[in-house]
Amino acid sequence: MPTAGRLTAALALAILGAYIAYLTVPLFDEGGVPSFWWPLCIAAGAWSGWVVMGKRAGRGYSAAVGNGFTGVAALVFWVLFLTAGAAMLEKSMRRSYDGPMEAVIDVFQLMWEFVQQFATQDVGVALVVGAIASAFFSEFYAKRFP
């Protein structure tokens, strides 16, 4: 059911996803930014805000901080997982794998490589501050407009 907390959480994490996409574009190899990078980050943020964080909004500000970190963790997981899955599909089209199990295992290895590639201080600070700010915004609007 749509609520103000869900809408605010979805908007806040979509904005955070766009900002994270902006911060991480220079971290890709030259010409290596996927064409779906911006829409993926924004959509994953909106989905994580609506489903993960917005569902739990309205339970108090101390719980909101945990909800914010959970929502940001979901955002990061889905962006990394889907980007690694797309990279795995590209590699599989070049017949880089001996079998399907090797391809599935490589998704998680590619996720770890993306984590190492994007692990900068700017991205980390943005994720932490964005988690807390989006949690407080969604909690504020969930309490004011139930």
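We count residues from 1, following the sequence as given. The model shown is predicted, which means the values in this text are computed figures rather than measured ones.
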Smallest separation among heavy atoms of [X] and [Y], with atom names:
X      : Y      : result
Ala64  : Ala135 : O-CB, 2.9 Å
Ser48  : Leu75  : OG-N, 3.3 Å
Ala57  : Gly5   : CB-CA, 4.2 Å
Leu110 : Ala84  : CD1-O, 3.6 Å
Trp38  : Ala18  : CZ3-O, 3.4 Å
Ala86  : Phe36  : CB-CZ, 3.5 Å

- Message: Using 30° and 60° as the class boundaries, would you call the ring planes of Phe77 and Phe81 parallel, tilted or perpendicular?
- Response: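 Ring orientation of Phe77 relative to Phe81: parallel.
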Hey, what do you get for [atom1] ([X]) to [atom2] ([Y]), rounding to the nearest 0.5 Å?
X      : Y      : atom1 : atom2 : value
Leu127 : Tyr19  : CG    : OH    : 10.5 Å
Ser134 : Leu11  : OG    : CG    : 11.5 Å
Tyr141 : Thr3   : OH    : OG1   : 13.5 Å
Phe114 : Leu80  : CZ    : CG    : 8.0 Å
Arg59  : Lys143 : CZ    : NZ    : 11.0 Å
Leu27  : Thr120 : CG    : OG1   : 5.5 Å

Under 4.5 Å between side-chain heavy atoms, counting indirect links through other Ile/Leu/Val/Met/Phe/Trp/Tyr residues: same cluster for [X] and [Y] or not?
X      : Y      : answer
Leu7   : Leu16  : yes
Val33  : Val115 : yes
Trp112 : Val107 : yes
Val72  : Val125 : no
Val123 : Val76  : yes

- Task: Please assess Met101 against Ile105 for the test side-chain contact (heavy atoms from CB on, under 4.5 Å), listing each intermediate value before the final yes or no.
- Result: CA-CA 6 Å; Met101 198 63 197; Ile105 292 170; 4.3 Å; yes
Quick check: are there more than 12 heavy atoms from other residues, nucleotides or ligands sitting under 6.0 Å from [atom1] of [X]?
X      : atom1 : result
Phe145 : CZ    : no
Phe28  : CZ    : yes
Phe118 : CZ    : yes
Trp78  : CH2   : no
Gln121 : CD    : no

- Query: Quick one: does Glu113's side chain get under 4.5 Å of Gln109's, heavy atoms only?
  - Reply: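 In contact.
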- Query: Do Thr8 and Phe140 touch side chain to side chain, with heavy atoms closer than 4.5 Å?
  - Reply: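 Sidechains of Phe140 and Thr8: no contact.
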- Query: Residues two or more places apart in sequence or in another chain: which of them pass ring pair (Phe, Tyr, Trp, His ring centres under 6.0 Å) with Phe108?
  - Reply: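 Phe108 satisfies ring pair (Phe, Tyr, Trp, His ring centres under 6.0 Å) with no residue once adjacent residues are dropped.
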- Option passing side chain to side chain contact (heavy atoms under 4.5 Å, CB included) with Ser138 (candidates Arg56, Met53, Arg6):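 Only one of Arg56, Met53, Arg6 forms a side chain to side chain contact (heavy atoms under 4.5 Å, CB included) with Ser138, namely Met53.
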- Under the side-chain contact (heavy atoms from CB on, under 4.5 Å) rule, what do Val79 and Trp37 come out as? Steps first, then yes or no, please. CA-CA 9 Å; Val79 166; Trp37 183 246; 3.6 Å; yes
- Task: Evaluate the side-chain contact (heavy atoms from CB on, under 4.5 Å) criterion for residues Val128 and Phe69: first the C-alpha distance (whole Å), next the side-chain angles of each, then the deciding distance (0.1 Å), finally the verdict.
- Result: CA-CA 7 Å; Val128 170; Phe69 284 114; 4.2 Å; yes
- Just by distance, do the side chain of Glu139 and the backbone of Gly58 share a donor-acceptor pair under 3.5 Å?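 Yes.
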